[in-house]
Amino acid sequence: MIYFSSFIYWLDLFGTAVFALSGALMAGRYKLDPFGVVVLAAVTAVGGGTIRDVILDTPVFWVQSPIYLLVILATALCVIVIIRQPRLIPKRFLLVSDALGLALFAVIGAQKALLLGAPPAVAIVMGTITGVAGGMIRDVLCNVIPLILRQEIYATIAIFAGGLFVGLRSLEVSVEIATIITIVLAFSLRLWAIYRKVSLPAFDIDDQQ
Amino acid sequence: MIYFSSFIYWLDLFGTAVFALSGALMAGRYKLDPFGVVVLAAVTAVGGGTIRDVILDTPVFWVQSPIYLLVILATALCVIVIIRQPRLIPKRFLLVSDALGLALFAVIGAQKALLLGAPPAVAIVMGTITGVAGGMIRDVLCNVIPLILRQEIYATIAIFAGGLFVGLRSLEVSVEIATIITIVLAFSLRLWAIYRKVSLPAFDIDDQQ
Amino acid sequence: MIYFSSFIYWLDLFGTAVFALSGALMAGRYKLDPFGVVVLAAVTAVGGGTIRDVILDTPVFWVQSPIYLLVILATALCVIVIIRQPRLIPKRFLLVSDALGLALFAVIGAQKALLLGAPPAVAIVMGTITGVAGGMIRDVLCNVIPLILRQEIYATIAIFAGGLFVGLRSLEVSVEIATIITIVLAFSLRLWAIYRKVSLPAFDIDDQQ
């Protein structure tokens, strides 16, 4: 079990780095100042978990463990330094890492809510918030409609991952197995959606209403 | 008194459904994916109350009572299903319902703050936040300047409702009567503003400054 | 020491008024309704401190001391009344006051975090949030990319001020002296950046990636 906790811990830090990377790259696209890059990387990486912890009224995770801040700072600095050769970060790597971060954060968020005694519906919502809110804030700060609301079933996968994990746990599946099943399925589904460019049918209102 | 609490409870759920509806319809306008519709409906419906509870450092209402989440989900699903015939939701119904939701949420927010011992000025602010913040987040996510900041005295009415309720309560008017007076007046004022297209004189800065 | 606390207290209220002014003027630029002006002034002035207090899980400062709300209301009303002659508020005065507010709020935020026992890295982040988050929310509500992310090393100075204050405190410099040194240096640096139009080299990604 020690090994498993440790595995989750490293995956969590990896997810943090990945989301920080996506925020830093977005900052690059909008020509922000280097410290603006750090701010956007941080908001993307810890925004979702911060909202989750505040709503659950539990201590915010990165206030307890500042290592998350160091991971973000290191990621942002790397991006600033090596960005002159953006080909070093192939788009495929970014999308795949982001998909893993999404799956992982949704599970971590749902699990934390269950541990704190939240009802299942709330745990699903917390998984979704943890997975998508950071990216939403990133997009809002850059003045674009959050892509996660419209693209390749991103929000769908966050809700699915939260729901699957909560469902497996309510069936008394162990935390370890529920975590692995959920991450593998949500990650695969997201990759499949990216490569097939799958979207759910757009929900469209006749503007002549 | 049981009857009155129950009446407020149902009005609260109705207000939640109405704001969820407005978020879902906005999502339709921007061609979001179906689960993006659910996310936007939820943010609109519970955003204001969530910020209020977090600032007051009291347990967030929908974490305690997940029925709010079910109301939102049901509303979003209904909208997705029947939206092919948008004429089923006449614009007039939407505006009237939204006006009722605004009045109701402003009173509920102010009352909750007073119950928790907040000073009157804070209670007015909490009423305003509860009434308008969800719609503001909805508009920000859709990348438009929140209409409530500029249109038909929307923010004005939220502040007015909070102030009137707090004022009546400080005059020792009973909760029930203060609630009914405030909702009726704020609701009427908003309807009057909508039908007469009333706005306060725009506050405009000479750009040549 | 009484004198010093009192000095900080008045500077804090002054910073609140200055940020409220910047929010109100922004509202004017976007032709908001008068109460929209009040809302935007409030969000700009207390947004950063509110997020700080919520994350630190300490009572939100303006819920405890509603005088901040009165300062904001008075500032917004003054702006609405005298705005017909915008030359009464020279742009230079606005930029200088805003620079002072930034330096002061960054120090206040970092100091509050340290008092609550937060680790140094967290205290720096809290200083940054207190200094810049209100302005970011103001810009997001007005549908522009937050200028503080891209202009004249604004975020840089907030991070610098937080870091300097925390560093001085860890060297056992007294609160008073650390406060004065940090405010003077951060304020001067910001003024220098404004007058010289200094920016850090924009961090730019080759779009052909």
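Labels below follow one simple rule: chain letters A, B, ... track the order of the sequence lines, proteins then strands, and each chain is numbered from 1. Predicted model only: the values in this text are computed from it and were never measured.
- For a residue to count as touching a neighbouring chain, one of its non-hydrogen atoms must lie under 4.5 Å from one of that chain's; by this rule A:V54 touches chain B with backbone and side chain alike.
- In this structure the side chain of A:D139 never reaches within 4.5 angstrom of the side chain of B:L141, judged on heavy atoms.
- Distance check: A:D57 CG to B:D57 CG gives 5.0 Å after rounding to the nearest 0.5 Å.
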Please report, to 0.1 Å, the donor-acceptor pairs under 3.5 Å made by any side chain of residues 60-72 of chain B, with sequence neighbours excluded.
{"unit_1": "B:W62", "atom_1": "NE1", "unit_2": "B:T50", "atom_2": "OG1", "d": "2.8"}
{"unit_1": "B:Y68", "atom_1": "OH", "unit_2": "B:D12", "atom_2": "OD2", "d": "2.7"}

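- Within residues 158-166 of chain B, no residue has any heavy atom under 4.5 Å from a heavy atom of chain A.
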